[in-house]
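Computed from heavy atoms alone, side chains included, the values below leave out hydrogens, waters and symmetry copies. Numbers here simply count residues along the sequence, with the first being 1.
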Amino acid sequence: MSEIFINAALVSAYLACGVMPRERTAFEGVKFDPVTGQSWARITDLPSSNDPAGLGQSAPDERLGILQIDLFHPKGTGTAPILGDAQWVLQYFSKGRRLEYDGQVVKVRKSQRSQIRTEELWQSVSVDVHYIAWIFPQ
């Protein structure tokens, strides 16, 4: 399959998770302006390695990476709403979960969250979904 299908599997899974609607999500390469006072999310695919998974021309390439899901809530709304969203994402992207798009399989290796960060208007937390996928030669 391809990098495009890996990314599509990750984005499709994020949308299926339902933590934020499409309209309140910043996708890579798409203009987005958050609405003050309304929670929102940003997703970023962070590929980390591309190595052969075997020997010979028919061996697949192994792709490792992280889908970073940044969750933003209005500053001053407490920790329960943002931690609840983070827990929702962590439960959806559980270890071993199989994501698929048009024949491309992506497996979740693990998921973890960051500390809560506070900015001028927002408090945020990142959920990192570590994944693995294989791209087979055509």
Side-chain angles (χ1 to χ4, degrees):
M1 296 290 130
S2 72
E3 293 288 342
I4 294 169
F5 287 179
I6 291 171
N7 187 264
L10 295 169
V11 171
S12 296
Y14 164 78
L15 290 170
C17 137
V19 69
M20 292 285 167
R22 178 185 299 268
E23 302 78 30
R24 293 196 345 236
T25 300
F27 296 96
E28 291 181 287
V30 178
K31 182 174 173 19
F32 178 79
D33 294 313
V35 176
T36 302
Q38 193 175 68
S39 61
W40 60 285
R42 176 179 58 220
I43 63 170
T44 309
D45 182 11
L46 304 166
S48 61
S49 76
N50 174 15
D51 295 309
L55 300 174
Q57 292 181 341
S58 62
D61 285 339
E62 178 183 82
R63 307 295 169 101
L64 297 174
I66 298 170
L67 175 64
Q68 183 173 311
I69 303 168
D70 297 309
L71 302 169
F72 296 85
H73 280 247
K75 186 176 173 181
T77 55
T79 60
I82 198 165
L83 290 178
D85 282 353
Q87 185 63 37
W88 183 272
V89 174
L90 289 166
Q91 287 175 337
Y92 186 86
F93 289 97
S94 59
K95 177 178 62 174
R97 186 171 192 125
R98 179 184 163 107
L99 316 173
E100 189 170 342
Y101 181 85
D102 201 18
Q104 176 65 60
V105 174
V106 178
K107 289 186 105 178
V108 175
R109 295 174 48 231
K110 69 177 182 175
S111 295
Q112 59 194 30
R113 77 165 179 91
S114 71
Q115 77 284 4
I116 296 175
R117 300 174 302 270
T118 303
E119 303 166 18
E120 188 176 330
L121 297 175
W122 309 101
Q123 58 184 354
S124 64
V125 67
S126 296
V127 176
D128 292 338
V129 179
H130 297 251
Y131 67 84
I132 186 168
W134 293 273
I135 297 178
F136 291 87
Q138 299 294 338

Atom pair OG (Ser2) and CG (Asp61), whose distance is rounded to the nearest 0.5 Å | 12.0 Å

Out of curiosity, Lys107 NZ to Tyr131 OH, how far, rounded to the nearest 0.5 Å?
-> 16.0 Å

Taking atom CG of Leu71 and atom CD1 of Ile43, what is their separation to the nearest 0.5 Å?
-> 11.0 Å

If you measure from CZ on Phe32 to CD on Glu23, what distance do you get to the nearest 0.5 Å?
-> 9.5 Å

Under a 4.5 Å cut-off applied to non-hydrogen side-chain atoms, are Gln104 and Ile135 in contact?
-> yes

Side-chain contact test, heavy atoms from C-beta onward, threshold under 4.5 Å: evaluate it for Val19 versus Tyr92 and give yes or no.
-> no

Residue that, paired with Val129, satisfies side-chain contact (heavy atoms from CB on, under 4.5 Å) out of Asp45, Val108, Val106, Leu90 | Val108

Taking C-beta and beyond as the side chain, do Leu64 and Ser49 meet within less than 4.5 Å on heavy atoms?
-> yes

Could you walk me through whether His130 and Ser48 pass the side chain to side chain contact (heavy atoms under 4.5 Å, CB included) check?
-> CA-CA 10 Å; His130 297 251; Ser48 61; over 6 Å; no

Would a 4.5 Å heavy-atom cut-off, applied to side chains only, mark Leu10 and Tyr101 as touching?
-> no

Judged by atom type as modelled, is there a donor-acceptor pair below 3.5 Å linking the side chain of Trp88 to the main-chain atoms of Cys17?
-> yes

Would you say the side-chain atoms of Ser114 pair up with the backbone N or O of Ser126, donor to acceptor, closer than 3.5 Å?
-> yes

Count the heavy atoms belonging to other residues, nucleotides or ligands that lie under 6.0 Å from CG of Leu121, then report whether that count exceeds 12.
-> yes

Ignoring hydrogens and geometry, is there a side-chain-to-backbone donor-acceptor pair from Arg22 to Leu15 under 3.5 Å?
-> no

To the nearest 0.5 Å, tell me how far Glu120 CD sits from Lys75 NZ.
-> 7.5 Å

Would you mind reporting whether Gln112 and Ile66 have side-chain heavy atoms less than 4.5 Å apart?
-> no

Can you tell which of Ile69, Asp128, Leu83, Val89 makes a side-chain contact (heavy atoms from CB on, under 4.5 Å) with Arg113?
-> Leu83

